[in-house]
Amino acid sequence: MATTKLKLRADRKNSFDSTSVYVQVCINSRVKLYPTGFKVNPEQWDEKNQKLKKSWGYGYEKHFAKINRKKILIDSIIDGAFMTNTSITFDFIASELLKLEGQESSANGVEPQKNLYEVFEEYISERGAFQSKEIAKHRKTTLNKLKGYFGEKIPTFQDIDYRFYSEYRNWLLEEGELANSSVNKQFDYLKGFLRYASKLKLFDDSILNDFERLKEFETHVVYVTQEELKKMWEFKLSSDKLERVRDLFVFACATGLRESDFSNLKPENIKNNEIQLITVKTSDPLVIPLNYYSKAVLDKYENQLPRYSQQKFNDYIKEVGCEVGIDTPEQVITYKKGVRVESILPKYELLTSHTGRRTFITQCIMRGIPIPVIRSMTGHKDLKSFQKYIKITDKDKHQEMLKWEN
């Protein structure tokens, strides 16, 4: 048999701040909380009798009736299921609750509440009006992963609780085979949406405080050395296709631009011997002076660079690296499903469009360019994210230590 009670959020009931009120449903010793959409000060809540105290003020009975409305609805669902010998599950309650709330809204002339997917689509569309296409793409990926997790079920906001967090996190790690950092990013985008839903009074975002971030492990970072970059630029490749990809990669190494930016570069972005553009990902204005490599590539293509999809580019640049002979063995450590996996790969297997950005940052540092100047060209706002791009080799360290001999 299922039981219900009104309850304050457990970790906040000793707080002096307004605290969310939930309907706690217990089925066979399993518990799920359904938000009422209301908050009260714990000092004004009678926990024993599950009701608002008179100290709340004038109209407290009328306000409590609003708080208690969801409990009444859930009790009616449970009673109805018991009378018809229907199995009572949390999914059944959530489904029936959505129907009852929709019927109430229609009776009151209010548009029925949209489901979680519909609100998510609206969120993507609304935010897409003033944010980059790349961020919109990441949000769509998050929505699609949610759909993959829930399958045929259409989730409600009541389904988003700590149990969901725990099970969805494990699903992303095991079924999705995502690294801890990728799982954290998925939850970052999901939390952004849920905070939006909270502003619409559809979700109680205080539960998000319980969604812990997973520990992130340092990823293996590679960059192209000055010698390798020179060799790649001067190498005679076997096809025009690989030559064009090589040129784009060298351009990325010489400018620090992301693939989304160098793929969208236009002739009008080249002015006064420098690149002037608004980045696709973050909408930041950047000014990057041209150097020997970037100027040579732009001159070769008359300021209109060739274009490839990121996937094809990442495939082809590995072929370029293989032909050129950028094959230094690299130890790569990854974590799949929490298990450490170690492998040795030739460097060309690790080349991607993003390697160009890491190369630019690392080579700028090795050339003695001040970090504030580098960050002004890459658009990094904080030092922590900037440092992830820096790769100093043991050879570089030995070279710098030779300065002690002078």
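Numbering starts at 1 and runs along the sequence shown.
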Under 3.5 Å, is there a donor-acceptor pair linking the side chains of Tyr301 and Arg244? no
So, are Lys347 and Glu228 salt-bridged, with charged N and O less than 4.0 Å apart? yes
Sidechain N-carboxylate O distance under 4.0 Å for Asp91, Lys153: yes
Full working for side-chain contact (heavy atoms from CB on, under 4.5 Å) between Leu350 and Thr355: CA-CA 8 Å; Leu350 303 174; Thr355 308; over 6 Å; no
Where the side chain of Thr255 meets the backbone of Phe251, is there a donor-acceptor pair that is under 3.5 Å apart? yes
Less than 3.5 Å apart, any donor N or O on the side chain of Gln226 or Gln363 sitting next to an acceptor on the other? no
Where does the angle between the aromatic ring planes of Phe211 and Tyr165 fall among parallel (under 30°), tilted (30 to 60°) and perpendicular (over 60°)? parallel
Between Ser181 and Asn184: side-chain donor-acceptor atoms closer than 3.5 Å: no
Minimum-distance pair of heavy atoms, taken over all atoms of Thr84 and Gly80: OG1-O, 2.9 Å
Polar contact flag, side-chain donor to acceptor under 3.5 angstrom, Gln186-Thr142: yes
Answer with yes or no after comparing the ring centroid distance for Phe262 and Phe313 against a 6.0 Å cut-off, counting only values under it. yes
Donor-acceptor pair, Lys318 side chain versus Asn314 backbone, under 3.5 Å? yes
Is a donor on one side and an acceptor on the other found under 3.5 Å between the side chain of Ser125 and the backbone of Glu122? no
Flag yes if more than 12 heavy atoms outside Gln311 fall under 6.0 Å of its CD atom; otherwise flag no. no
Tyr34 six-ring face occupied by Lys70 cation (under 6.0 Å, within 45°): no
Taking the side chain from Thr156 and the backbone from Ala94, do they hold a donor-acceptor pair closer than 3.5 Å? no
Is it true that a side-chain atom of Asn144 and a backbone atom of Lys140 form a donor plus acceptor pair closer than 3.5 Å? yes
Using modelled atom types only, decide if a donor and an acceptor are shared between the side chain of Arg246 and the backbone of Met232 within a distance under 3.5 Å. yes
Asn291 and Ser294: side-chain hydrogen bond (donor to acceptor under 3.5 Å, both in side chains), yes or no, with the steps? CA-CA 5 Å; Asn291 55 32; Ser294 55; 3.0 Å; yes
Aromatic contact, Phe187 with Tyr168 (centres under 6.0 Å): yes
Is any side-chain heavy atom of Gln276 less than 4.5 Å from a side-chain heavy atom of Asn272? yes
Ion pair check, Asp205 and Lys191, cut-off under 4.0 Å: no
For Ser166 and Tyr162, indicate whether the former's side chain and the latter's backbone hold a donor-acceptor pair under 3.5 Å. no
Would you tell me whether Thr378 and His380 have side-chain atoms, one donor and one acceptor, within less than 3.5 Å of each other? yes
Can you classify the ring geometry of Trp45 versus Phe64 as parallel (below 30°), tilted (30 to 60°) or perpendicular (above 60°)? tilted
For Phe203 and Val119: C-alpha separation, side-chain torsions, deciding distance, then whether side-chain contact (heavy atoms from CB on, under 4.5 Å) applies. CA-CA 11 Å; Phe203 179 75; Val119 180; over 6 Å; no
Does a donor on one side chain sit under 3.5 Å from an acceptor on the other, for Thr4 and Gln24? no
Is the side chain of Lys145 donor-acceptor paired with the backbone N or O of Leu172 at a distance under 3.5 Å, no angle test? no
Look at the aromatic rings of Tyr123 and Tyr196 and report parallel, tilted or perpendicular, splitting at 30° and 60°. tilted
Could you go through the salt bridge (Lys or Arg N to Asp or Glu O under 4.0 Å) check for Lys281 and Asp261 one step at a time? CA-CA 8 Å; Lys281 182 178 180 180; Asp261 291 321; over 6 Å; no
Do Leu6 and Val21 have side chains that approach each other closer than 4.5 Å (heavy atoms only, starting at C-beta)? yes
Assess the residue pair Leu237 and Val320 against the criterion (side-chain contact (heavy atoms from CB on, under 4.5 Å)); give the C-alpha distance rounded to whole Å, side-chain angles, the decisive distance to 0.1 Å, and a yes or no. CA-CA 8 Å; Leu237 291 159; Val320 171; 4.3 Å; yes
Using 30° and 60° as the class boundaries, would you call the ring planes of Trp233 and Tyr293 parallel, tilted or perpendicular? perpendicular
